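Here is the structure we will look at.
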Amino acid sequence: MKNIFKTLKANWKKTVSAILIFLVVFATLFGLVNFDFGPKTAPKTYSGESFAGKLGEDFQKKIGGNEVYVLAYNEWADYHALSALANKYDDDPDGDGLPNYLEYVHATNPANPDTDGDGFTDRQEITNGYDPDALGDAKPSAQIAIKKINAAVPMVWSKSEDENSLQEDLKNGVIHYPKTAAPGQSGNMVLSGHSSNYVWAKGNYNYIFKDLNDLAAGDTVDVKTIQQNGRVVVYHYKIAGEKKIVAPDDPVIFENTSESSLTLSTCWPLGTNFRRLIVKADLVK
Ligand SMILES: [Ca+2]
Ligand SMILES: [Ca+2]
Ligand SMILES: [Ca+2]
C-alpha cells in the first residue's frame, strides 16, 4: 500500500492528467460538454405534409412508425430564410430570373443564382434543358409517355445533327433534336422515333412510333424529366391539330413557335424513309 502511494506521489502529474482526460472523455460521450462553439441556430423543423401517407398503407408498413416529409412551399421559403418581402411565388430574391415557384419546382436555391456553382444561372440551365443542380452540361434524364399508342420510352438528348449519330441515338429511345426547345420551355421541341427499321437492325425502339398516325387532337404526350437531385417534373402536351405528311427537309418540322410546343416526327409510309409523319402538340398550362 505504501508503495502504491509512493508511486502515485512520484507520478502525481501523470495521475491527475489521466483523471482529467477520463473525465473529459466521459463528459463528452454523455453530452455534458459541447465542443461545438460555432454559432447556434435553431434546428429547422418541418411540419410539412407527410409524404408517406400519400403512398399508401404498404409503404407505411415498410417504413414502420417512421415518417417522410416533403416541404410545403412556405416551409421551403422559411428553410431558405426568405424574408416576407421576398417569399412570394413570383419573387426572385437572387435575381437569377427564375421566380421562387420554379426554384421550388426544381429544388434549386432561391437565394443563390447558380445553385450548382458551374457558372450558369439556374434560369439559363433550365431554359436550355440542363440540370440546374448538376455541374456543367449534365442534363436531366427524360422519358416520353404516350398512352394512346402505348409508348413509354427514354428520351435521348442528341448532341449532334449528324445522321449517323442520330441513328445511333435512336437505338436508345426517342431522340430530342439538338437546338430545339427543352421540355416545358418556350419554342418548338422536336422529338423523333423509329416507325420501322431493317429487320436485322439492333435496338429496342425500332417500332416505337409505328402507331403515331393513330394520335388525334386531344391525346396527350407526357415528358418527364428527372434531375440528379431527385426532382421529377412532368410536362403535359396535348395534340393540337391535324397530322401532316411532309418531305424530310420540310421546314415545318422545325418551325419555331413563341409558345411551348412539341413536334413528334417519324418516317413514313411505314417501312420507308421517304417522307415524315409529323404531329404537333402544345404544352398544357
Ligand atoms: Ca430566383
Ligand atoms: Ca436560384
Ligand atoms: Ca448552374
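Just so you know, ligand 1 is whichever comes first in the structure, and atom 1 is the first atom listed for that ligand. Model, not experiment: these values are computed from the prediction.
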So, 3.0 Å as the limit: is an N/O/S atom of Asp133 located closer than that to the Ca ion (ligand 3)? no

Donor-acceptor pair, side chain of Glu125 and main chain of Asp122, under 3.5 angstrom: no

Which N/O/S atom belongs to Asp114 and is the closest one to the Ca ion (ligand 3)? OD1

When you measure from the Ca ion (ligand 3) to each N, O or S atom of Glu125, which atom gives the shortest distance? OE2

Metal site the Ca ion (ligand 2): N/O/S of Thr108 inside 3.0 Å: no

Give the name of the N/O/S atom in Asp122 that lies closest to the Ca ion (ligand 2). OD2

To make sure I understand the geometry: which N, O or S atom in Asp96 is closest to the Ca ion (ligand 2)? OD2

Please check if the distance between the ring centroids of Trp76 and Tyr73 is under 6.0 Å. yes

How wide is the angle at the Ca ion (ligand 3) between O of Phe120 and OD1 of Asp118, to the nearest 10°? 90°

Tell me, yes or no, whether the heavy-atom count around Lys224 atom NZ, taken from other residues, nucleotides or ligands under 6.0 Å, exceeds 12. no

Would you kindly say whether Lys280 and Thr263 are connected by a side-chain donor-acceptor distance under 3.5 Å? yes

Restricting Asp94 to its N/O/S atoms, the closest one to the Ca ion (ligand 2) is OD2

Is the ring centre of Tyr104 less than 6.0 Å from the ring centre of Tyr89? no

Residue Asn109, metal the Ca ion (ligand 2), N/O/S under 3.0 Å: yes

Using every non-hydrogen atom in the two residues, find where Asn87 and Ala77 come nearest and quote the distance to one decimal. CB-CB, 4.0 Å

